[in-house]
Engineer: 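Below is a structure I'd like to ask you about.
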Amino acid sequence: MSDFQVPACANCGHAIWPPRLACPVCGAAEWTEVPAPTGTLLDVTEGPGYDGTPVRLGTVRLAVPYGAQGAIRNSWPEGEGPPVIAGIDGDARPGDTVRLELVDGALRAARE
Amino acid sequence: MPHEPLIVGAYEARYERHAPTQRDTRELLKEATLGALADAGLSLKDVDGFGVASFSLKPDHAVDLAWHLGLSPRWLMEDPHGGASALNLLSHALRAIEAGDAETIVLASADHLDRDAFADLVRNYNRVTAEHLAPLNYGGPNALFALLTQRWMDARDLGREDLGAIPVAQRAWAGRNPLAVYRDPLTMADYLDTPPFMPPLCRLDCVPVVAGGDAIVLRAAPAAGPAARVRAMRSLFNADQQEGDGLSTGFAAIAADLWDAAGARPEDIDAAYLYDDYPVMVLAQAIDLGLVPDGDPKRWLGSTVLEDAWPLNTSGGQLSAGQAGAAGGMHGLVEAVRQLRGTVEPERATGAELALVAGYGMVLYRHGASHNAAVLERVG
């Protein structure tokens with residue numbers, strides 16, 4: 001399985017997920033891909049999914065640079081990448097470094 | 001001002017917990033429209049402007065509904081932006097009346113979503129939800145707001161007993177609103193005894209889905225009786241591009257300009273109608289719009305909201321009165337107008353002369369993207 005990748009602005013380097021049309025920082029509309037294999041799990045919840053079976057979802061802050069101009073209106077630490085929603089596998093807890101994989105369109109995260 | 005817009009009527013078509021078969025979306029929009037016009041002492045024949053918000057009107061649009069109601073409007077709008085739709089429509093309707101494009105405008109919203117329609121709305125809320133969240137067997141917005149609520153609780157040292165003030169206090173107001181679907185008293189002990197199904201959220205933190213509708217009528221001044229005038233209104237969309245920590249919202253960016261334009265301060269407000277899809281969002285709006293002057297959320301929740309029963313979402317809010325789809329965006333506005341015009345049941349009359357109404361919503365990926373807020377005053 002190849003590493004999870006996210007678009008980064010070809011002009012300013014701002015990394016985003018999910019993919020969008022134009023860069024929210026500089027307005028450029030060309031993208032490159034950067035590897036985003038890992039991140040930090042920030043928070044987790046667990047409850048019934050669409051089919052009634054339990055799902056574990058969490059917010060993961062990707063370990064990719066945000067780009068030279070940094071995040072927008074964001075009070076989180078600078079130098080960290082975009083926050084993403086992922087399905088959390090195994091016993092990963094907030095604060096853990098997790099590895100990300102895109103499996104059939106589903107972004108999954110598990111402890112390294 | 002040559003054409004000064006005033007809100008002269010408001011009505012809520014009765015909310016029902018389980019989507020009834022005899023009242024579909026069109027019937028609810030009709031009921032809300034006719035009710036608001038009757039409240040204003042007007043009829044369909046007076047209407048020359050019409051705006052609609054509904055998730056379940058498809059395949060029809062505003063023009064279909066206007067046709068079915070026999071209207072020939074000079075001004076017509078439709079807004080799909082859920083919790084922000086009512087104030088979006090309002091902002092355009094104000095300008096239309098000021099510009100002379102229309103003289104009497106009805107803004108109506110309603111939804112009738114049965115179990116399947118609601119599930120489809122949640123699963124296909126937008127492209128990103130369908131492509132990036134649905135494959136996770138995602139549990140709908142409850143899951144996203146559970147994460148956001150947990151983040152708030154960690155960052156501001158809040159417990160369930162703090163955020164529980166909002167559903168508990170709003171339920172006390174709902175007890176005085178015959179239109180609220182949940183009116184039975186709710187104590188903090190009841191709240192704390194309700195187990196979280198999506199930690200930290202329990203079912204009392206989630207809005208009951210209902211079928212129902214809301215409408216208001218705007219008309220160029222003068223009004224025959226008491227009316228509500230919009231002193232100022234501001235909007236902002238995609239303030240943080242879904243990249244922020246969620247601990248501040250787009251309301252923080254518009255608050256100073258809103259209060260300045262309204263010629264008022266947050267402490268002048270007699271009642272507030274904050275969008276209560278989840279308790280934590282009420283707190284976020286209150287802080288960002290300046291209603292928590294000392295910045296202490298625990299004190300505001302425990303003292304102002306719970307002990308003092310300060311007029312917050314005096315209908316019971318969506319948490320107790322129900323969320324009728326896109327009409328949830330108009331629910332607080334209708335209650336605000338009714339309070340300002342003095343047409344609510346006496347049990348919950350506040351005598352408010354100045355009210356704050358906020359709209360919030362459209363969860364694009366992690367949290368709501370749409371923010372708008374208006375300061376309304378009683379005139380006449």
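Keep in mind that the numbers below use all heavy atoms, side chains included, and drop hydrogens, waters and symmetry copies. On a predicted model such as this, the values are computed, not experimentally measured, just so you know.
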Engineer: Using heavy-atom distances under 4.5 Å, tell me whether Ala134(B) contacts chain A through its side chain, its backbone, both, or neither.
Structural biologist: both

Engineer: Using heavy-atom distances under 4.5 Å, tell me whether Arg56(A) contacts chain B through its side chain, its backbone, both, or neither.
Structural biologist: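 The answer is neither part of Arg56(A).
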
Engineer: Select one option (side chain, backbone, both, neither) describing which atoms of Val84(A) are under 4.5 Å from chain B's heavy atoms.
Structural biologist: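 Interface part for Val84(A): both.
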
Engineer: Given side chains that start at C-beta, do those of Arg151(B) and Thr59(A) come closer than 4.5 Å, heavy atoms only?
Structural biologist: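 The answer is yes; the side chains approach within 4.5 Å.
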
Engineer: How close do Tyr365(B) and Pro83(A) get, counting heavy atoms only, and between which atoms?
Structural biologist: CE2-O, 4.0 Å

Engineer: Taking the side chain as everything from C-beta on, heavy atoms only, tell me whether Leu107(A) gets closer than 4.5 Å to His132(B).
Structural biologist: no

Engineer: Please state whether the side chain, the backbone, both or neither of Leu201(B) comes within less than 4.5 Å of a heavy atom of chain A.
Structural biologist: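 For Leu201(B), there is no contact with chain A at all, as no heavy atom is under 4.5 Å.
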
Engineer: Considering all heavy atoms of both residues, which atom of Leu57(A) and which atom of Leu147(B) are nearest to each other, and what is their separation?
Structural biologist: O-CD2, 3.7 Å

Engineer: Kindly indicate whether the side chain of Leu136(B), heavy atoms from C-beta on, has any atom under 4.5 Å from the side chain of Arg108(A).
Structural biologist: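 With C-beta onward as the side chain, the pair touches.
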
Engineer: Return yes when atom CZ of Arg299(B) has more than 12 non-hydrogen atoms of other residues, nucleotides or ligands closer than 6.0 Å, and no otherwise.
Structural biologist: yes

Engineer: Do any N or O atoms from the side chain of Asp43(A) and from the backbone of Leu148(B) form a donor-acceptor pair under 3.5 angstrom?
Structural biologist: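 The answer is no, because no donor-acceptor pair under 3.5 Å joins these two groups.
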
Engineer: Is any side-chain heavy atom of Ile85(A) closer than 4.5 Å to a side-chain heavy atom of Tyr138(B)?
Structural biologist: no

Engineer: Mind listing the closest non-hydrogen atom pair of Tyr50(A) and Thr129(B) along with its distance?
Structural biologist: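 Result for this residue pair: OH-CG2, 4.4 Å.
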
Engineer: Would you find more than 12 non-hydrogen atoms of other residues, nucleotides or ligands less than 6.0 Å from Arg17(B) atom CZ?
Structural biologist: yes

Engineer: Counting only heavy atoms from other residues, nucleotides and ligands, does the tally under 6.0 Å from CD of Glu30(A) exceed 12?
Structural biologist: no

Engineer: Can you name the closest pair of heavy atoms from Thr45(A) and Ala143(B) and give their distance?
Structural biologist: CG2-O, 3.7 Å

Engineer: Check the side chains of His14(A) and Glu243(B) for a donor-acceptor pair under 3.5 angstrom, ignoring hydrogens and angles.
Structural biologist: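 There is such a pair (donor and acceptor under 3.5 Å, judged by atom type) between the side chains of Glu243(B) and His14(A).
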
